[in-house]
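This report concerns only the one structure given below.
Every chain is numbered from 1 and lettered A, B, ... according to where its sequence line falls, protein lines coming before strand lines.
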2 protein chains.
Amino acid sequence: MSNTKVLPLIAPESDAVAPCCPPLTERPFTAEEAETAARMFKALGDPVRLRLFSAVASHEGGEACVCDISDVGVSQPTVSHHLKKLKEAGLLTSERRGTWVYYRVEPSVLAAMGRLLTVAPAAT
Amino acid sequence: MSNTKVLPLIAPESDAVAPCCPPLTERPFTAEEAETAARMFKALGDPVRLRLFSAVASHEGGEACVCDISDVGVSQPTVSHHLKKLKEAGLLTSERRGTWVYYRVEPSVLAAMGRLLTVAPAAT
DNA sequence: TGTCTATGTTGACGTTTGTCGAATCAGGTG
DNA sequence: CACCTGATTCGACAAACGTCAACATAGACA
């Protein structure tokens, strides 16, 4: 199962995305909100991680085997290390299927981050 | 007063935003693209910087004096240090007016980052 | 069983980062 | 001019980070 869903895209109008924080432009972040959101931005703040994330996110079906994306110029343990970081940040999930481990993006988190960078719709 | 300019919003349909990179989900980033984009994400990857940025972005008129936003729990030199980082990342600009220094957000960069997190429209 | 391949973990390393206090710069005001 | 306040720069230090080689683990297959 689950081959039917080609990428559980998020409904742009849905506010069911991770209720982490309001848009950055809406009001000053609290310390707590900043902590949460910064964790996600930080995870994408490294070139290697960004390439890995982009490789997974753009891969067919929204998921990719490590072997498909590990050609980013660093050693294999380093790739594993970065994928772990992305997982800890909630941006990726992983699943072992036989010999290979597949990573897929967490679409709701992507949407939540996008919302952070949204400019508030004309504040009155 | 000054309600006339609500925030120099970006036209969501305009592709005139910083032509850094395509959406993360469109195709695997090249090393160069990742380097550029990671620099921006990294700038927002610190809680203190995120609070400072949010404070500026949400401030009336889209700009704020350092004195208005420097209450984030760290020393004043540290605030200055982080604001500098945000400036170097192209997220903020600063201008001295008399005694005070005002920071304002670079809306096009915000838009560019938002576009990165956009989900590609049904990749065939 | 043993072996081979694909990933993850450990330990160590040099580098970068976040933080502060002290010193310095920039503009007002008396 | 001297003095005060707001903001940046400097110098130092501990903590976090990115990286690798070596080792460990998980599953496939003979």
Starting from the C-alpha separation in whole Å, work towards a yes-or-no answer on side chain to side chain contact (heavy atoms under 4.5 Å, CB included) for L91(A) and Y103(A).
-> CA-CA 10 Å; L91(A) 292 165; Y103(A) 281 80; over 6 Å; no
Sequence neighbours excluded and cut-off under 3.5 Å, please list the side-chain donor-acceptor pairs for residues 74-82 of chain A, or say none.
{"residue": "S75(A)", "atom": "OG", "partner": "T78(A)", "partner atom": "OG1", "Å": "3.0"}
{"residue": "H82(A)", "atom": "ND1", "partner": "R49(A)", "partner atom": "NH1", "Å": "3.1"}

Any side-chain heavy atom of L92(B) sitting closer than 4.5 Å to one from E106(B)?
-> no
Protein proximity profile, nucleotides 17-26 of chain D - base contact B, sugar-phosphate-only contact S, no contact -, cut-off 4.0 Å on heavy atoms = SSBBBB---S
Taking NZ, NE, NH1 and NH2 as the nitrogens, is one of them in E63(A) or R97(A) under 4.0 Å from a carboxylate oxygen of the other?
-> yes
Which nucleotide in the list dT9(C), dT7(C), dT9(D) gets nearest to the side chain of K84(A)?
-> dT9(C)
Please tell me if the side chains of F41(A) and L117(A) come closer than 4.5 Å, counting only heavy atoms from C-beta onward.
-> yes
Could you check whether Y102(A) gets within reach of a base, just the sugar-phosphate, or nothing at all, counting any heavy atom under 4.0 Å?
-> nothing
Quickly work out the L83(B) CG to dT19(C) P distance and round it to whole Å.
-> 12 Å
Quick one: label S80(A) by what it contacts on the DNA or RNA (base, sugar-phosphate, nothing), any heavy atom closer than 4.0 Å.
-> base
Side-chain N or O of Y103(A) closer than 4.0 Å to phosphate OP1/OP2 of dA6(C) = no
Spacing of R97(B) atom CZ relative to dT5(D) atom C1', expressed in whole Å | 18 Å
Hey, does E33(B) have a side-chain heavy atom less than 4.5 Å from the side chain of P22(B)?
-> yes
L52(B) CG to dA7(D) P: how many Å, rounded?
-> 12 Å
Could you state the CD-C1' distance from E95(B) to dA7(D), rounded to the nearest angstrom?
-> 15 Å
Any side-chain N or O of W100(B) less than 4.0 Å from the OP1 or OP2 oxygen of dG27(C)?
-> no
